[in-house]
Amino acid sequence: MRDGPDHQPHAPLALPEDAPGRDDQAVIYPGPSADEATGTAGRRAALIAGGVLFAALVVLLGAGIASRGTGELRIPGAGATTALRVAVFAALALHLGELAGTRLSRTGPAPRGCALAAALTGAGASAAQIVLLASVSGLDITTVYGTVEGRLLLFMANGFLLAAGCVALNRPLAALAPLAVVLGAEALRAHPEPYTPMLGTALTVVHLTAASLWTGGLLYVLRTMWLRRGDPAGARQVLARYARLAGWLFAALAATGTLSTLRRLPADVVFSTAYGRVLIAKLLLVAVVSGLALTARRRLRRGADAGPPARTELAVLAVIVLLSAILTVVPDPHWLSTR
């Protein structure tokens, strides 16, 4: 085999001897070759395309697959409803995550804000659910406005619009009030319960808020770290501040999730209802996310790169958001319980 520079594309290149200001120990490390850069971009594009396809299949087919063999009635427009719920949850996560992430990142380069687009998306998704409800029920829009779910969806759409107005007027913190209205309306609308509804609503508000801050906050922090990659120590500090917040968020999610499950899911229908099946899948993914979060925290303490587990954590959290949307679409499991 022939030796030579052709077989060492990344070998350091010394500066010419007559170069101005030449240092005998100064070397230049070339970046990746064009072929390597193209291959990396292609793999990233394929990964993104695969993720989008997977998400679309889960959203459109998830409720139907979970209900197979349970004897539960088919939910009209389940796929479209799930997609719109995902849009609402994503809008809350992006908006609340940006508000929290701005505090965590403090001074320095910050990613471009997406709160306005998120709020408008949430408003559109809420309004679209009203139209979808009218379509599947055979009622006109005016009649739908008179139903409990129609009124709650209208509250959500208006709340998102008010939040968008606050962002447009450069009053980002003022958006917390209309977003609180959105959270309350979504908690009331998601799974109406005839027994202790106020307790169930309170648990859902806390759970949804914590989940939105965890997911949206991590996305904002990772975007900030990418912008500050030239300052590794500063980027690590941002992630460390987020990790401390995430610990409290996980505690809130675990407590409210456990209480909600005990109230909402009878033990005799855990495996025989769509709600129980989706919830089991969600809990398994929450366990995976917990492990990834702990791995990232350990790497932070050792001074190692915590970016890979944090990015994987965000990807798994995105799947959990999809399953959470499906949980709000499938039937209440108490209908099949014998207890």
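Across all non-hydrogen atoms, the minimal contact from Tyr145 to Arg151 is O-CG, 2.9 Å. Closest of all the heavy-atom pairs between Ala78 and Ala63 is CB-CB, 4.1 Å. Minimum interatomic distance between Ile130 and Leu154 (heavy atoms only, all atoms of both residues): CD1-N, 3.8 Å. Of all heavy-atom pairs between Leu300 and Arg236, the closest is O-NH2, 2.7 Å. Nearest heavy atoms, Phe250 versus Ser290: CE1-OG, 3.0 Å. Across all non-hydrogen atoms, the minimal contact from Gly184 to Thr201 is O-CG2, 4.3 Å.
The CG atom of Leu284 sits 10.0 Å away from the CG atom of Leu323 when rounded to the nearest 0.5 Å. Separation of atoms CG (Leu139) and OG1 (Thr147) is listed at 7.5 Å; rounding is to 0.5 Å. For the atom pair OG1 of Thr204 and CG of Leu259, the computed distance is 11.0 Å after rounding to the nearest 0.5 Å. In this structure, Leu199 CG and Leu203 CG are separated by 4.5 Å, a value rounded to the nearest 0.5 Å. Once rounded to the nearest 0.5 Å, the distance linking OG of Ser126 with CZ of Phe160 reads 5.0 Å. The structure places OG of Ser137 at 9.0 Å from CG of Leu132, a figure rounded to the nearest 0.5 Å.
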_Steps toward side chain to side chain contact (heavy atoms under 4.5 Å, CB included) verdict (Lys282, Ser324)_ = CA-CA 8 Å; Lys282 178 181 175 180; Ser324 299; 3.2 Å; yes
*For side chain to side chain contact (heavy atoms under 4.5 Å, CB included), just list the numbers for Ile280 and Phe271, CA-CA rounded to whole Å, side-chain angles, deciding distance to a tenth of an Å, and then say yes or no.*
CA-CA 9 Å; Ile280 290 172; Phe271 299 102; 3.4 Å; yes
*Give the C-alpha distance, both sets of side-chain angles, the deciding distance and a yes or no for side chain to side chain contact (heavy atoms under 4.5 Å, CB included) between Leu222 and Leu314.*
CA-CA 9 Å; Leu222 289 176; Leu314 180 62; 3.9 Å; yes
*Please report the C-alpha distance between Arg106 and Arg241 in whole Å, then the side-chain angles of each, then the deciding distance to 0.1 Å, and finally whether the side chain to side chain contact (heavy atoms under 4.5 Å, CB included) criterion is met.*
CA-CA 10 Å; Arg106 300 180 183 175; Arg241 286 192 288 269; 3.5 Å; yes
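Side-chain contact check for Glu98 versus Pro111: every heavy-atom pair is 4.5 Å or farther apart. Side-chain contact check for Arg277 versus Thr273: every heavy-atom pair is 4.5 Å or farther apart. At a threshold of 4.5 Å between non-hydrogen side-chain atoms, the residues Cys114 and Arg223 count as touching. For the pair Thr121 and His95, the minimum side-chain heavy-atom distance is 4.5 Å or more. Contact annotation: the side chain of Arg85 never approaches that of Val88 to less than 4.5 Å [non-hydrogen atoms, C-beta and beyond]. Within the 4.5 Å cutoff, no side-chain heavy atoms of Trp248 are placed close to those of Trp214. With contacts defined as side-chain heavy-atom distances shorter than 4.5 Å, the pair Phe89/Leu322 does not qualify. Here the side chains of Thr215 and Leu94 are not in contact, with every heavy-atom distance at 4.5 Å or above.
Leu84 and Val144 fall into different hydrophobic clusters, where Ile, Leu, Val, Met, Phe, Trp and Tyr residues are linked whenever their side-chain heavy atoms come under 4.5 Å apart, directly or through other members. Residues Val59 and Val319 share a single hydrophobic cluster, defined by chaining ILVMFWY side chains whose heavy atoms lie under 4.5 Å apart. By the criterion of side-chain heavy atoms lying less than 4.5 angstrom apart, applied directly or through intervening Ile, Leu, Val, Met, Phe, Trp or Tyr residues, Val278 is grouped together with Val321 in one hydrophobic cluster. Under a hydrophobic clustering in which Ile, Leu, Val, Met, Phe, Trp and Tyr are joined whenever their side-chain heavy atoms come within less than 4.5 Å, directly or via other members, Tyr220 and Leu99 fall into different clusters.
The backbone N or O of Ala304 sits nowhere less than 3.5 Å from a side-chain atom of Arg299 that would complete a donor-acceptor pair. Judged by distance alone, with hydrogens and angles left aside, the side-chain atoms of Arg189 form no donor-acceptor pair with the main-chain N or O of Leu153 at under 3.5 Å. Put simply, the side chain of Arg228 gets close to the backbone of Ser105: a donor and an acceptor are under 3.5 Å apart. Checked by atom type and distance alone, the side chain of Arg263 never pairs as donor or acceptor with a backbone atom of Ser260 at under 3.5 Å.
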